[in-house]
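In what follows, a single structure is set out as structure tokens and then discussed.
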Amino acid sequence: SQQFHQKFNYPKNFCIELKEFYELLHEIPEEEIKFSLKDKSLEITGKKLKYTLPLFDETEYPIIDLEPENSFYLNKKILLEGIQKTSYAMSSDEKKVYLNGLFFDFSEKKFKIIGLDGYRLGLFSSEEKVSTQETFILRKKSIIELKKLLEEFEEESFECFFKNQMFCVKFSKEIIFSARVLSRTFPQYQDIIPLDKNFSFEVDKDTLVAALKRLLIVANKNTQDVFCTFSDETLILATEEVNSSTGIEELNVKIEGSTKKLRFNIKYLLESLQPFTSTTIRFSPSDGPVLINVLNTPEYLGVIMPLDA
């Protein structure tokens, strides 16, 4: 990040288009630059450069009251880990309002973050106590900016509060992050998590990920699918033939129960495996969704919808 130290002696406030202003400053070489107000424009000059940007009426900028009320504190490490492990399951479709972001569930005064895009679910939970019972959704763009700030600041915890339908995080005296809350409710994600344990298998994560990456190279470019079948203690991964290209991989697995044929989108499956740090992953297919977790590790679980086999 770059810091600009400059004394401002302007007699009035002014507004400027942020994206253009920020990107310009980011690309200017590290040198002393001068800002000058010229009627309805801002002039930026350096040794061998000069730019002029339009200004806007500062009276049209909304005055936002961000004075903390009913504050609670969130642990930075846990909050960042939760966002990192569930962000892959946010929908990219902004029309899916409730799914285009992450759901923060503190209703039991515990820490839960949920991502759900209709095809996958990521659920992060922690026994960390939270002094609030709020539930809320933040949109994907807000999550991205919040993650950047969490990675930049080193404090152990941050003061949080709600103001005028905004979720706010106080990073310092000068910097307060605020984002509009999309909703206080979320689809019943608990109903999506399979409880059926009639069939499960355990597999080494790194071996599976490496095999899927190789199969993705020759997989159908439209469906990116892989078929999963089982023989004794072996998982057979295979792609359908496309322009004479095929791929088959055999992996050692530990199987419990009666096996069934499965079919997954490889890209979605790889993203669902990414949050896990354990070497052994457990899959528990049901008649619909497939649960992905690690035994005796309740902090994180994933759910993925298989394709029709």
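The model shown is predicted, which means the values in this text are computed figures rather than measured ones. Values below: all heavy atoms of this structure, side chains included; hydrogens, waters and symmetry mates excluded.
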**OP:** Starting at OG of S71, measure out to NZ of K163 and round the result to the nearest 0.5 Å.
**Re:** 9.5 Å
Original post:
At what distance, to the nearest 0.5 angstrom, does CZ of F276 lie from CD1 of I281?
Top reply: 5.0 Å
**OP:** To the nearest 0.5 Å, tell me how far T229 OG1 sits from L235 CG.
**Re:** 7.5 Å
Subject >> Reported CG-to-NZ distance for the pair D93 and K95, which is rounded to 0.5 angstrom >> reply: 6.5 Å
Original post:
Charged N to carboxylate O below 4.0 Å: is that the case for E154 and K76?
Top reply: no
**OP:** Classify the ring geometry between F136 and F106 as parallel (under 30°), tilted (30 to 60°) or perpendicular (over 60°).
**Re:** perpendicular
Original post:
Quick one: do the D105 and Y189 side chains pair a donor with an acceptor below 3.5 Å?
Top reply: yes
**OP:** Please name all residues satisfying side-chain hydrogen bond (donor to acceptor under 3.5 Å, both in side chains) with E249, sequence neighbours left out, ordered by chain then number.
**Re:** R214
**OP:** Verify whether the ring centers belonging to F199 and F230 lie closer than 6.0 Å.
**Re:** yes
Original post:
Would F158 and Y73 count as a close aromatic pair, with their ring centres under 6.0 Å?
Top reply: no
Subject >> K50/E43 ion pair, N-O < 4.0 Å >> reply: yes
Subject >> Proximity of F153 and F171 rings by center, below 6.0 Å >> reply: yes
Original post:
Atom CG of L269 and atom CG of L212: how far apart are they, to the nearest 0.5 Å?
Top reply: 5.0 Å
